[in-house]
Enquirer: 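Here it is: the structure, laid out below.
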Amino acid sequence: MLIRRAKKEDYPAFAAIEAQHPGYPAWGENGFEAEEKNRNAVTLAAEAEGRPAGFINFWILRPQVQLNTLAVDKAFLRRAIASALIGKMLEYALKSLCSEIDLEVNEHNAAAIALYARHGFKVVGKRPKFYNNTDAAVLMRKSLREKDL
Ligand SMILES: CC(C)(COP(=O)(O)OP(=O)(O)OC[C@H]1O[C@@H](n2cnc3c(N)ncnc32)[C@H](O)[C@@H]1OP(=O)(O)O)[C@@H](O)C(=O)NCCC(=O)NCCS
């Protein structure tokens, strides 16, 4: 598996991955394209078996990193692709001298909450009715220790 910067040709595959996960907030091809104009944004692709198998997008807003979206192709779940994308985001965060990574996740998204907990994210708050005015968002944060910086 290879993690690399995303490019325009990846966006149809990213949109197809989003569509495999009903209920997951989809950016669509246009959403990913719009990120190219944001100089704080980083979008990475995970490539497996020669095709995009997952993506991550985050903003580097020193001293914070904001994780915006992350998803993996259903054919490649539980093969540590999301973990590799998070690992690469962590590298960016450390190189950019950021001290924390923040994210929001749907309270019912047990898979993602387990994934983030495994990577050292802690629950720091909750936003009621954040998704479609119904589900709460769980706010999670990973603090990067000084020795990591
Ligand atoms: C959540 C998601 C990104 C995980 O991707 P993945 O590549 O399968 O995750 P990994 O293989 O790196 O999983 C690492 C660990 O996270 C936890 N985990 C991942 N998926 C899990 C699940 N369905 N149930 C329980 N724990 C899970 C496990 O601890 C797992 O380790 P293990 O496989 O050794 O048990 C994927 O299910 C997905 O794309 N979901 C839809 C989009 C989404 O919800 N994104 C998160 C938005 S906040």
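Residues take their numbers from the sequence shown, with the count starting at 1. Counting convention: from 1, in listed order, for ligands and their atoms alike. Computed from a predicted model, the values in this text were never measured in an experiment.
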Enquirer: For Tyr24, run the side chain to side chain donor-acceptor pair (under 3.5 Å) check against Thr69, Asn106, Asn109 and tell me which one passes.
Expert: Thr69
Enquirer: Between Arg78 and ligand 1, find which residue part has any heavy-atom pair under 4.0 Å and reply side chain, backbone, both or neither.
Expert: both
Enquirer: Provide the number and element of each atom of ligand 1 under 4.0 Å from a heavy atom of Val105.
Expert: 48 (S)
Enquirer: List the closest protein heavy-atom neighbour of atom 47 (C) of ligand 1: residue, atom name, distance to the nearest 0.1 Å.
Expert: Tyr24 CE1, 3.2 Å
Enquirer: Are Tyr92 and Val65 side-chain neighbours, meaning at least one heavy-atom pair lies under 4.5 Å?
Expert: no
Enquirer: Looking only at non-hydrogen atoms, which of Ile56, Val72, Leu70, Leu77 approaches atom 37 (O) of ligand 1 most closely?
Expert: Leu77
Enquirer: Take atom CZ in Arg5; do more than 12 heavy atoms of anything else shown fall under 6.0 Å from it?
Expert: yes
Enquirer: Which is closest to atom 44 (O) of ligand 1 in terms of heavy atoms, Asn109, Ile17, Val138, Ile86?
Expert: Asn109
Enquirer: Please tell me if the side chains of Lys142 and Leu90 come closer than 4.5 Å, counting only heavy atoms from C-beta onward.
Expert: yes
Enquirer: Is any side-chain heavy atom of Phe32 closer than 4.5 Å to a side-chain heavy atom of Glu18?
Expert: yes
Enquirer: Exactly one of Phe76, Phe14, Trp27 should register a ring pair (Phe, Tyr, Trp, His ring centres under 6.0 Å) with Phe55. Which one does?
Expert: Phe14
Enquirer: Going by distance alone, is a donor N or O of one side chain under 3.5 Å from an acceptor N or O of the other, for Glu35 and Trp59?
Expert: yes
Enquirer: If we set the cut-off at 4.0 Å for heavy atoms, which region of Tyr116 has an atom near ligand 1: side chain, backbone, both, or neither?
Expert: side chain
Enquirer: So which heavy atom in the protein is nearest atom 13 (O) of ligand 1, and how far is it from that ligand atom?
Expert: Leu115 CD1, 3.8 Å
Enquirer: Just to confirm my output: which protein heavy-atom neighbour is closest to atom 23 (N) of ligand 1, and how far is it?
Expert: Ala111 CB, 3.3 Å
Enquirer: Nearest to atom 11 (O) of ligand 1 by heavy atom, Ala80, Ala110, Ser83: which?
Expert: Ala80
Enquirer: Any side-chain heavy atom of Phe121 within less than 4.5 Å of one from Leu115?
Expert: no
Enquirer: Taking atom 15 (C) of ligand 1 as the point of reference, which of His108, His21, Arg118 owns the nearest heavy atom?
Expert: Arg118
Enquirer: Just to confirm my output: which protein heavy-atom neighbour is closest to atom 3 (C) of ligand 1, and how far is it?
Expert: Ala82 CB, 3.8 Å
Enquirer: Between Leu67 and Val124, is there a shared hydrophobic cluster once you connect ILVMFWY residues whose side-chain heavy atoms come closer than 4.5 Å?
Expert: no
Enquirer: Among protein heavy atoms, which lies nearest atom 26 (N) of ligand 1, and at what distance?
Expert: Ala114 CB, 3.5 Å
Enquirer: Considering only heavy atoms of Ala71, which atoms of ligand 1 have at least one such atom less than 4.0 Å away?
Expert: 39 (O), 42 (C)
